Amino acid sequence: MELAQYIYSTTCTELMTSEKAVLISVKSIQVCEQLGLTGRVFSTLTHALAITEGPLDIVDRYYQAIACDNLVATALLQTKQIVKTRDFEDYSVWLDIGRPFGPHPHVHQMTPQSLVSAMPSNPSARLRIMVDALFDDGRLVA
């Protein structure tokens, strides 16, 4: 079984709301835990950067489902690679949606400070480069 890591960015349609962002994040975590996927999602109401890891066929089907979602305007697969080990031990979502939201063990407020705790202690070079390229002062940028 090949282990894959996809790094992709998405833009959301105008249908995305802060309430939907939290609900979708919780559902995403449930699905990824059931499928054995690990990774991170960093999201605002308009853009997201996702890193998804797991068996190649499952990661690919999960990415295709995201790309076809009616709340996703565009999905761009930044990198797709076969990896020997995962960068992440679990799957979590980090949101910057302009308002506080209820606690959940795997859905967190994204702030400049929390980005550090969201990343693995020793990320791959490719992951580090992608995150550095798409964040400015710890904030996801378009």
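Along the sequence shown, residues are numbered consecutively beginning with 1. Predicted model only: the values in this text are computed from it and were never measured.
Atom-to-atom distance recorded for Asn122:CG and Met119:CE is 10.5 Å, nearest 0.5 angstrom. Here the CG atom belonging to Asp96 is positioned 14.5 Å from the NE2 atom belonging to His108, to the nearest 0.5 angstrom. Taken to the nearest 0.5 Å, the OG1 atom of Thr13 stands 5.0 Å off from the CG atom of Leu71. Considering OH of Tyr62 and CG of Leu35, their distance stands at 8.0 Å, rounded to 0.5 Å. Rounded to the nearest 0.5 Å, atoms CE (Met16) and OG (Ser43) are 6.5 Å apart. Going from atom CD1 of Ile24 over to atom CD1 of Ile29 covers 12.0 Å, rounded to the nearest 0.5 Å.
Using a 4.5 Å cut-off between side-chain heavy atoms of Ile, Leu, Val, Met, Phe, Trp and Tyr, with links allowed through other members, Leu95 and Ile66 fall into the same hydrophobic cluster. Both Met110 and Ile7 belong to a common hydrophobic cluster when Ile, Leu, Val, Met, Phe, Trp and Tyr are linked at side-chain heavy-atom distances under 4.5 angstrom. Residues Val72 and Val22 share a hydrophobic cluster, clusters being chains of Ile/Leu/Val/Met/Phe/Trp/Tyr side chains in contact below 4.5 Å. In the hydrophobic clustering of ILVMFWY residues, with side-chain heavy atoms under 4.5 Å counting as a link, Tyr63 and Leu127 come out apart. Hydrophobic clustering (ILVMFWY, side-chain heavy atoms < 4.5 Å, transitive): Val31 and Val93 are in one cluster.
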Verdict with supporting geometry, Tyr91 and Thr52, side-chain hydrogen bond (donor to acceptor under 3.5 Å, both in side chains): CA-CA 8 Å; Tyr91 183 88; Thr52 305; 5.3 Å; no

Step-by-step side chain to side chain contact (heavy atoms under 4.5 Å, CB included) determination, Thr44 to Ile97: CA-CA 5 Å; Thr44 67; Ile97 57 173; over 6 Å; no

Side chain to side chain contact (heavy atoms under 4.5 Å, CB included) between Leu45 and Ser18, intermediate numbers included: CA-CA 7 Å; Leu45 289 179; Ser18 57; 4.3 Å; yes

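Counting heavy atoms from C-beta on, the side chains of Asp57 and Met1 never come closer than 4.5 Å. Side-chain contact between Leu56 and Tyr6 is present, with heavy atoms from C-beta onward closer than 4.5 Å. A heavy-atom distance below 4.5 Å is not found between the side chains of Ser114 and Phe42. Using a 4.5 Å heavy-atom cutoff, the side chains of Lys80 and Tyr8 are not in contact. Contact annotation: the side chain of His104 approaches that of Val26 to within less than 4.5 Å [non-hydrogen atoms, C-beta and beyond]. For the pair Leu3 and Ile82, the minimum side-chain heavy-atom distance is 4.5 Å or more. Side-chain contact check for Ser117 versus Trp94: some heavy-atom pair is nearer than 4.5 Å. Residues His106 and Gln30 form no side-chain contact, since every pair of their non-hydrogen atoms from C-beta on lies 4.5 Å or further apart.
Under a cut-off of 6.0 angstrom, the local environment of CD in Gln64 is crowded, with over 12 non-hydrogen atoms contributed by other residues, nucleotides or ligands.
Partners of Arg126 according to the side chain to side chain donor-acceptor pair (under 3.5 Å) rule, which considers only residues two or more places apart in sequence or in another chain, are Thr79, Gln81. A search for side chain to side chain donor-acceptor pair (under 3.5 Å) contacts involving Asp90 returns Arg40, not counting sequence neighbours.
Taking each heavy atom of Ala4 and Val83 in turn, the nearest pair found is C-CG2, 4.2 Å. Listed here is the closest heavy atom pair of Ser25 and Val107: CB-CG2, 3.9 Å.
Here the options are Glu33, Gln5, Arg86, the test is side-chain hydrogen bond (donor to acceptor under 3.5 Å, both in side chains), and the partner is Thr38; only Arg86 passes.
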